[in-house]
Amino acid sequence: MIYLVRATRLHCMETIDDMREADRRELEAAEGDVKMAVLRGWLGSSYCFAAHDGRGRTLGLFGVFREDAHWWCPWLIGTRALDECRRDFVGLSAALFPRLLKRFPNMRNYVDARNAKSVRWLKRLGFQFGVPEPYGVAGLPFYRFWIGGGDECVIRL
């Protein structure tokens, strides 16, 4: 069973210390400094939770921060323990995501093209994907992913 609680700095540090290798590589390629990327995500998110299992292990963090007036930016970072709870995690995601989407109907972000598990999970949730493009400090291929956005207002001068 997976439990959700408001994320704290302690959850951030536990996630940083036990982060899945694919997530660590993704943050290094996108941001450079993994620890600062996690702490910025936590501090900048209006919606940020930590997941833990029945044994009290932190499974990861997820949040949503405002990108601009129209778009929200979702993110998730998992620990190695999350892979042990894969079935529960997929079930919780399927149950929680419709409520999240109702609150944040226009979401987008980037995901490392090498992070196959995350790409598969995001597609399962219904996100659409662009083609891989150079992104982040390392300029590695990342997919832009999004859901919603149909009412975006763009003013061109």
Side-chain angles (χ1 to χ4, degrees), residues 2 4-16 19-52 58-79 82 89-157:
I2 296 177
L4 298 178
V5 296
R6 289 266 180 206
T8 66
R9 188 174 192 284
L10 177 61
H11 294 122
C12 292
M13 300 313 293
E14 290 173 346
T15 300
I16 290 165
M19 192 179 300
R20 292 184 300 185
E21 189 58 32
D23 289 346
R24 183 173 304 283
R25 286 194 334 253
E26 181 173 312
L27 286 177
E28 286 172 350
E31 303 286 334
D33 187 329
V34 171
K35 183 176 180 179
M36 286 307 298
V38 173
L39 293 173
R40 270 194 312 270
W42 169 60
L43 290 171
S45 294
S46 56
Y47 186 90
C48 188
F49 286 86
H52 65 87
T58 296
L59 303 175
L61 304 167
F62 73 94
V64 180
F65 63 86
R66 184 170 284 289
E67 182 180 324
D68 60 28
H70 185 75
W71 289 101
W72 292 88
C73 188
W75 58 274
L76 180 135
I77 303 159
T79 65
L82 182 61
F89 173 72
V90 169
L92 177 63
S93 298
L96 180 63
F97 191 70
R99 293 191 336 207
L100 195 65
L101 190 56
K102 193 171 195 174
R103 184 166 178 187
F104 308 105
N106 303 311
M107 293 186 280
R108 68 182 179 187
N109 201 347
Y110 285 88
V111 62
D112 190 334
R114 301 172 296 175
N115 197 340
K117 283 183 184 178
S118 291
V119 169
R120 196 168 44 248
W121 173 70
L122 289 163
K123 285 181 177 179
R124 179 180 259 177
L125 290 176
F127 283 94
Q128 297 176 5
F129 280 73
V131 297
E133 59 186 83
Y135 178 78
V137 297
L140 293 178
F142 274 66
Y143 290 107
R144 169 76 111 171
F145 65 89
W146 67 91
I147 197 163
D151 297 324
E152 183 174 13
C153 176
V154 177
I155 298 173
R156 300 192 195 283
L157 302 175

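It should be emphasised that the depicted structure is a prediction, and the values quoted were computed from it without experimental measurement.
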| remark: When every non-hydrogen atom of Ala29 is compared with those of Leu140, the smallest separation belongs to CB-CD1, 3.7 Å

| Check against side chain to side chain contact (heavy atoms under 4.5 Å, CB included), Leu101 and Met107 | CA-CA 8 Å; Leu101 190 56; Met107 293 186 280; 3.8 Å; yes

| message | When you measure from the side chain of Asn109 to the backbone of Pro74, do you find a donor-acceptor pair of N or O atoms at a distance under 3.5 Å? | response | yes

| Should Phe62 and Leu4 count as side-chain neighbours, where that means a heavy-atom distance under 4.5 Å? | yes

| request: Measure across Cys12 and Val38 and return the closest heavy-atom pair with its distance rounded to 0.1 Å. | output: CB-CG1, 4.0 Å

| Separation of His11 NE2 from Leu59 CG (nearest 0.5 Å) | 10.0 Å

| task | Evaluate the side-chain proximity of Asp112 to Ser118: yes if any heavy-atom separation is below 4.5 Å, no if none is. | result | no

| note | Heavy atoms of Arg66 and His70 approach each other most closely as NH1-N, 4.2 Å

| message | To the closest 0.5 Å, what do you measure between OG1 (Thr79) and CZ (Arg24)? | response | 11.0 Å

| field | Distance, nearest 0.5 Å, that separates CG of Leu125 from CG of Leu100 | value | 9.5 Å

| field | Non-hydrogen atoms of Leu61 and Ala7 that approach each other most closely | value | CD2-CB, 3.9 Å

| task | Before giving the answer on side chain to side chain contact (heavy atoms under 4.5 Å, CB included), spell out for Ile77 and Met19 the whole-Å C-alpha distance, their side-chain angles and the decisive distance to 0.1 Å. | result | CA-CA 7 Å; Ile77 303 159; Met19 192 179 300; 3.7 Å; yes

| task | Run the ring-centre check on Phe49 versus Tyr47 and record whether the distance is less than 6.0 Å. | result | yes

| For Phe127, which of Tyr143, Phe145, Trp121 qualifies under ring pair (Phe, Tyr, Trp, His ring centres under 6.0 Å)? | Phe145

| request: Could you go through the side chain to side chain contact (heavy atoms under 4.5 Å, CB included) check for Arg124 and Arg120 one step at a time? | output: CA-CA 6 Å; Arg124 179 180 259 177; Arg120 196 168 44 248; over 6 Å; no

| request: With rounding to the nearest 0.5 Å, note down the distance linking CZ in Phe104 to CD1 in Ile147. | output: 13.5 Å

| Atom CD of Glu14 and atom NE2 of His52: how far apart are they, to the nearest 0.5 Å? | 10.0 Å

| If you look at every heavy atom in Phe129 and Lys123, which pair is closest and at what distance? | CE1-CG, 3.3 Å

| message | Parallel, tilted or perpendicular: which one describes the rings of Tyr110 and Tyr135, with boundaries at 30° and 60°? | response | parallel

| said: Once rounded to the nearest 0.5 Å, what's the spacing between atom SG of Cys48 and atom CH2 of Trp42? | reply: 8.0 Å

| request: Quick one: do Asp68 and Arg108 satisfy salt bridge (Lys or Arg N to Asp or Glu O under 4.0 Å)? Show the steps, please. | output: CA-CA 11 Å; Asp68 60 28; Arg108 68 182 179 187; 3.7 Å; yes

| note | Of all heavy-atom pairs linking Gly78 and Asp23, the shortest is N-OD2, 2.7 Å

